[in-house]
Amino acid sequence: MQYANGHSVTYTHHTGRVTAISYDEGATTAFAYAYDASGKLQSMTDHLRGRVTSYSETGTEVRGLDEENTLYYSKTTAEDGTIQENFFGLELALSGSSSYDGTTGNTTTENNYTVGESTQTATRTEDALGRTIQKQVKTGETPLVNTDFRYRDLSETLTTRQIAEKEVTAADNLIENAKNAGTGFVIKNYSRSNRWL
């Protein structure tokens, strides 16, 4: 393909798939593509940046075309759903789970983020009506930030999705307490020593 400015791009095809792209009329390959027997993309080689990206059923890997075969990035998903990522040697892991409490009808979703030896956990608990009643971020078992939600009731037997109160604590100190007075929120903020701001 030749453009009006005189530059050309050459595409090489095999069985209906692009296998190479060249910017100098096919003299050198800028990008190369490889496929498996079923036609799924297995790898893309970027000769301009000196990297190859490989794809598999369990993940992706980006490596340098240098002698060391430098790992720039990788992402794999294990059978249990745990995602492992590596950015230039920095290891990250993400795993999650969900649990249902048949007594209360609450569902809690938990996501664990691990960087090196440090794990942060983010949880969200929803009631039987799908309303978020608590969000929490913690390191190990130590809560860092906790947010509780309470909802407005119309009567003893009727409730709503309207938030009546939101309370945020960090390291057991009240940070924010917002109450809906029916006409809007009245926000009360506290410092770490529980003084008004």
Side-chain angles (χ1 to χ4, degrees), residues 1-100 107-126 132 134-147 168-171 175:
M1 172 182 290
Q2 186 155 5
Y3 294 95
N5 64 5
H7 292 272
S8 66
V9 178
T10 305
Y11 296 91
T12 304
H13 295 83
H14 180 69
T15 62
R17 295 178 183 85
V18 175
T19 57
I21 299 175
S22 171
Y23 296 116
D24 57 6
E25 298 179 2
T28 58
T29 301
F31 299 96
Y33 303 88
Y35 303 87
D36 66 14
S38 66
K40 290 183 184 175
L41 183 64
Q42 279 187 318
S43 68
M44 189 277 292
T45 304
D46 180 346
H47 291 282
L48 301 176
R49 295 179 67 202
R51 295 182 183 173
V52 60
T53 303
S54 303
Y55 305 95
S56 70
E57 295 295 325
T58 59
T60 304
E61 185 176 87
V62 180
R63 288 193 172 270
L65 295 175
D66 54 0
E67 288 182 19
E68 292 81 26
N69 198 25
T70 304
L71 177 65
Y72 291 109
Y73 173 77
S74 69
K75 178 179 180 180
T76 57
T77 304
E79 286 185 25
D80 66 358
T82 300
I83 297 172
Q84 294 279 120
E85 288 187 273
N86 183 313
F87 296 91
F88 296 96
L90 176 64
E91 295 282 337
L92 306 170
L94 168 64
S95 62
S97 63
S98 184
S99 62
Y100 174 75
T107 301
T108 301
T109 304
E110 182 175 282
N111 290 307
N112 298 301
Y113 305 89
T114 303
V115 179
E117 299 296 317
S118 174
T119 299
Q120 304 269 322
T121 302
T123 61
R124 174 190 294 267
T125 302
E126 295 180 347
T132 299
Q134 184 180 61
K135 293 192 300 187
Q136 187 176 76
V137 177
K138 59 185 178 179
T139 297
E141 293 303 315
T142 306
L144 301 175
V145 178
N146 190 70
T147 306
V168 181
T169 56
I175 300 300

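Atoms considered below: every heavy atom in the structure, side chains included; atoms not considered: hydrogens, waters and symmetry mates.
Of all non-hydrogen atoms in P143 and K138, the two that sit nearest each other are CA-CB, 3.6 Å. Taking both residues in full, the closest heavy atoms of A93 and Q84 are given as CB-OE1, 3.1 Å, listed atom of the first, atom of the second, then distance. The heavy-atom pair separating N69 from G64 by the smallest distance is OD1-O, 3.4 Å. The nearest pair of heavy atoms linking L41 to A34 is CD1-O, 3.5 Å. In terms of heavy atoms, Y113 sits closest to A122 at CE1-CB, 4.2 Å. Scanning both residues, R49 and D46, for their nearest heavy atoms gives N-OD1, 3.0 Å.
Distance OG1/T76 to CG/N86: 9.5 Å, rounded to 0.5 Å. One distance of note links OG1 of T114 with CD1 of I83; it measures 12.5 Å at 0.5 Å rounding. With rounding to the nearest 0.5 angstrom, the OG1 atom of T29 is 8.5 Å from the CG atom of D24. Between the OH atom in Y72 and the OG1 atom in T70 there is a gap of 5.0 Å [rounded to 0.5 Å]. Separating the CD1 atom in I175 from the OG1 atom in T169 is a distance of 8.0 Å, to the nearest 0.5 Å. Between R51 atom CZ and D66 atom CG the span is 10.0 Å, to the nearest 0.5 Å.
A donor and an acceptor atom, one from each side chain of R124 and T132, are located under 3.5 Å apart. Side-chain atoms of S43 and S54 form no donor-acceptor pair, as typed in the model, at a separation below 3.5 Å.
Every residue two or more places apart in sequence or in another chain was checked for a salt bridge (charged side-chain N to carboxylate O under 4.0 Å, His left out) with E67, and none qualifies. Scanning for ring-ring contact (aromatic ring centres under 6.0 Å, His included) contacts around Y100 gives an empty result, with sequence neighbours left out. Applying the ring-ring contact (aromatic ring centres under 6.0 Å, His included) rule to Y11 yields no partners; only residues at least two apart in sequence or on another chain are considered. Listed by chain and residue number, F87 satisfy the ring-ring contact (aromatic ring centres under 6.0 Å, His included) test with Y73 (two or more places apart in sequence, or in another chain).
Between the side chain of S22 and the main chain of T28, a donor-acceptor pair closer than 3.5 Å is present. Between the side chain of T19 and the backbone N or O of T12 there is at least one donor-acceptor pair closer than 3.5 Å.
Heavy atoms of other residues, nucleotides or ligands lying less than 6.0 angstrom from NE2 of H14 number 12 at most.
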Given the rule in the side chain to side chain contact (heavy atoms under 4.5 Å, CB included) test, do E110 and N112 qualify, once you have shown the distances and angles that lead to the verdict? CA-CA 7 Å; E110 182 175 282; N112 298 301; 3.7 Å; yes

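For the salt bridge (Lys or Arg N to Asp or Glu O under 4.0 Å) condition, no pair includes a residue of residues 84-97, sequence neighbours left out. Sorted by first and then second residue, the ring pair (Phe, Tyr, Trp, His ring centres under 6.0 Å) pairs with a member in residues 16-49 form an empty list; sequence neighbours excluded.
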